[in-house]
Amino acid sequence: MKLSSTNISLALAALVVLGGLYWFFFAGTGAPTDELPFSAPSMPPLESRFLELTNQLDPITFKTDIFVNPRFAALVDITTEIVAEASGRTDPFAPVGK
């Protein structure tokens with residue numbers, strides 16, 4: 001095989017592309033030296049402010065005195081009972097006799 005300038009330039013371009021891919025995927029994976037590798041990430045200020053505000057909220061309370069009211073006790077349940085029906089055939093594509 002004869003080495004031409006086109007083959008050499010293609011080989012150099014391939015090496016540059018492979019080097020760039022290697023640098024992109026493997027060069028920036030190391031942990032910074034000023035942080036511990038297993039430290040918890042710090043929260044953004046907006047999230048920490050949200051957690052601070054939610055911790056200041058009072059618990060929700062409901063007045064339950066309506067349940068002892070005679071008008072509530074006089075309510076009637078008008079739900080309709082659902083009757084279970086038999087399901088269809090086990091194989092809807094089988095012949096009718098099976």
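Numbers for residues simply follow the sequence, beginning at 1. Note: hydrogens, waters and symmetry copies are ignored here, and every other heavy atom, side chains too, is used.
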Quick one: side-chain contact (heavy atoms from CB on, under 4.5 Å) partners of [X], sequence neighbours excluded?
X	value
Thr90	none
Tyr22	Phe26
Thr54	Phe50, Leu51

Residues that Thr79 engages under side chain to side chain donor-acceptor pair (under 3.5 Å), provided they are two or more places apart: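 Result, side chain to side chain donor-acceptor pair (under 3.5 Å) vs Thr79: Asp77.
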Contact summary for Ser48 and Pro45, nearest pair of heavy atoms: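 Looks like OG-O, 2.9 Å.
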Atom CG in Leu12, atom OG in Ser5: separation rounded to 0.5 Å?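 Reported to 0.5 Å precision, the distance equals 11.0 Å.
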Pairs under 3.5 angstrom only: tabulate donor-acceptor contacts from the side chains of residues 56-74 to other protein residues two or more places apart or in another chain.
residue	atom	partner	partner atom	Å
Asn69	OD1	Arg71	N	3.0

Above 12 or not: heavy atoms from other molecules or residues under 6.0 Å from CD1 of Ile8?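 Enclosed: over 12 neighbouring heavy atoms sit under 6.0 Å from CD1 of Ile8.
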So if you build clusters from Ile, Leu, Val, Met, Phe, Trp, Tyr with side-chain heavy-atom gaps below 4.5 Å, do Val17 and Phe24 land together?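 Linked within one cluster.
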Filter on salt bridge (charged side-chain N to carboxylate O under 4.0 Å, His left out), then keep only pairs touching residues 47-56, sequence neighbours left out; what's left?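 Qualifying pairs, neighbours excluded: Arg49-Glu52.
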